[in-house]
2 protein chains.
Amino acid sequence: MSKEMFLQQLRQKGYKVTSQRQVILDFIAQNKGEHLSPDEIYERIKKTNPEIGLATVYRTLALLCKMKFIHKLDFDDGCSRYELNRHEGDHRHHHLICTICGSVTEVEEDLLDSLEEQVMRKNGFIVKDHRVKLYGYCKECRKKQ
Amino acid sequence: MSKEMFLQQLRQKGYKVTSQRQVILDFIAQNKGEHLSPDEIYERIKKTNPEIGLATVYRTLALLCKMKFIHKLDFDDGCSRYELNRHEGDHRHHHLICTICGSVTEVEEDLLDSLEEQVMRKNGFIVKDHRVKLYGYCKECRKKQ
DNA sequence: GATTATAATAGATAATATTATCATTTGCAA
DNA sequence: TTGCAAATGATAATATTATCTATTATAATC
């Protein structure tokens with residue numbers, strides 16, 4: 001999704017396009033691939049835009065989440081982290097969290113279709129999104145065991 | 001797992017069996033089925049055991065998690081919640097979270113075997129546990145749409 | 001295009017949930 | 001008993017959210 005498309009979506013839903021939102025949006029887009037925390041984003045943005053407050057960073061991140069532009073992640077390291085949503089609207093990868101070294105690896109896709117179908121059939125629950133975390137030992141730590 | 005077995009496991013791993021830990025353990029075992037938050041546990045335990053501090057509740061919950069006696073949950077309602085681990089050592093159900101009414105339903109099992117096997121093969125990652133959250137519309141809310 | 005009304009947003013900061021710190025207490029082995 | 005590492009309670013620190021007043025984007029009007 002391009003920046004312009006996103007700004008249009010904001011206006012369309014009645015949200016305002018503020019300079020702060022654009023700055024934060026640009027920053028996240030420029031740092032895709034990193035799992036940034038609110039405080040990291042705040043500290044690094046503050047250097048060029050010292051007028052932006054921490055609360056606004058939190059609020060904008062929450063808004064970007066609601067708009068499905070980013071995802072909130074939780075790796076149990078004491079703060080939340082966010083990543084760009086690369087595949088429009090849909091969540092398309094899982095996280096492998098090593099319980100030894102704490103590393104986080106992403107794996108593409110999925111294989112959840114049969115699970116979601118079963119939940120639909122047995123529980124009447126319509127699945128719109130999912131979050132999957134796999135805990136275990138990464139390749140490196142496995143060797144050292 | 002019985003209480004005695006659990007206390008033995010504590011001693012075996014070098015942890016001490018304190019009265020506070022026993023009180024919290026008993027309370028959780030007596031309220032299985034509820035998804036209790038640390039503050040709820042603290043407030044309700046305080047009535048009969050006013051000497052127990054909030055920090056101890058948090059610490060004991062973290063310990064019980066590490067011992068795989070309970071699970072930490074996150075339903076995005078502003079606090080963490082815990083539930084008894086019914087199937088020893090292994091995580092055996094997923095959560096369906098309705099994004100309309102906020103209800104949380106549990107579904108037994110799994111169908112993750114093929115996913116975990118694939119992760120093992122492609123990433124060399126040994127999966128020891130997983131956490132799956134499915135977001136969507138529950139049966140009731142679906143009707144009202 | 002400039003002006004104005006207004007609801008949304010921003011910044012500052014108080015409140016809340018959780019974790020870290022530290023001095024004191026306690027379970028447990030010698 | 002006694003010694004000591006581990007645990008506790010109190011509370012400071014941190015991450016996040018809620019609150020409240022001032023500011024601002026935007027649509028309507030001139």
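Values below: all heavy atoms of this structure, side chains included; hydrogens, waters and symmetry mates excluded. So you know, we letter chains A, B, ... as the sequences are listed, proteins then strands, and number each from 1.
Between B:Phe75 and B:His95, the two ring planes are perpendicular [angle over 60°; tilted spans 30° to 60°].
Distance from the side chain of A:Cys79 is smallest to D:dA15 among C:dG11, C:dA10, D:dA15. With C:dT9, C:dG11, D:dA7 as the choices, the nucleotide that has an atom nearest any side-chain atom of A:Glu51 turns out to be C:dG11. Here the nucleotide nearest the side chain of B:Thr18, chosen from D:dG9, C:dG27, D:dT16, is C:dG27. Distance from the side chain of A:Arg59 is smallest for D:dT19 among the nucleotides D:dG9, D:dT16, D:dT19. When each of C:dA12, D:dG9, C:dT19 is scored by its nearest atom to the side-chain atoms of B:Lys72, the top-ranked nucleotide is C:dT19.
Between B:Thr56 and D:dA7 there is no side-chain N or O to OP1 or OP2 distance below 4.0 Å. Taking only side-chain nitrogens and oxygens, B:Gln20 comes nearer than 4.0 Å to OP1 or OP2 of D:dG9. OP1 or OP2 of C:dT18 has at least one side-chain nitrogen or oxygen of B:Ser80 nearer than 4.0 Å. At D:dT17, none of the side-chain N or O atoms of A:Tyr58 fall inside 4.0 Å of OP1 or OP2 (strictly under the cut-off).
B:Tyr82 OH to B:Leu64 CG: the interatomic distance, rounded to the nearest 0.5 Å, is 9.5 Å. Rounded to the nearest 0.5 Å, atoms OG1 (B:Thr18) and CD1 (B:Ile24) are 7.5 Å apart.
What separates CG of A:Leu36 from P of D:dT16 is a distance of 13 Å, to the nearest Å. Straight-line distance from the CZ atom of A:Arg21 to the C1' atom of D:dT24: 12 Å, rounded to whole Å. In this structure, B:Met67 places its CE atom 11 Å from P of D:dA7, rounding to the nearest Å. Taking atom CG on B:Asp39 and atom C1' on C:dT19, their separation rounds to 15 Å, with Å as the unit. In this structure, CG of A:Leu54 is placed 11 Å from C1' of D:dT17, rounded to the nearest angstrom. Rounded to an integer number of Å, the gap from B:Lys46 NZ to D:dA10 C1' is 14 Å. As rounded to whole Å, 13 Å separates atom C1' of D:dT8 from atom CG of B:Leu63. Separating the CG atom of A:Asn49 from the P atom of C:dA10 is a distance of 13 Å, rounded to the nearest angstrom.
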Audit row: B:Leu63, B:Arg21, side-chain contact (heavy atoms from CB on, under 4.5 Å) steps and yes/no: CA-CA 10 Å; B:Leu63 177 63; B:Arg21 283 176 178 167; 3.5 Å; yes
**Asked** Going through the checks in order, is the salt bridge (Lys or Arg N to Asp or Glu O under 4.0 Å) test met by A:Asp74 and A:Lys72?
**Response** CA-CA 7 Å; A:Asp74 178 15; A:Lys72 186 179 186 174; over 6 Å; no
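The number of heavy atoms from other shown groups lying within 6.0 Å of NZ (A:Lys66) does not exceed 12.
Comparing A:Val57 and B:Ser37, the nucleotide of DNA chain C nearest to each residue sits closer to the 5' end for A:Val57.
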List every contact pair, protein side and nucleotides 3-5 of chain D side both N or O, where the distance is under 3.5 Å.
from	atom 1	to	atom 2	distance (Å)
D:dA5	N3	B:Lys16	NZ	3.1

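No donor-acceptor pair closer than 3.5 Å links the side chain of A:Arg131 to the backbone N or O of B:Lys133. Formation of a donor-acceptor pair under 3.5 Å by the A:Asp129 side chain with backbone atoms of B:Tyr135 is not found in this model.
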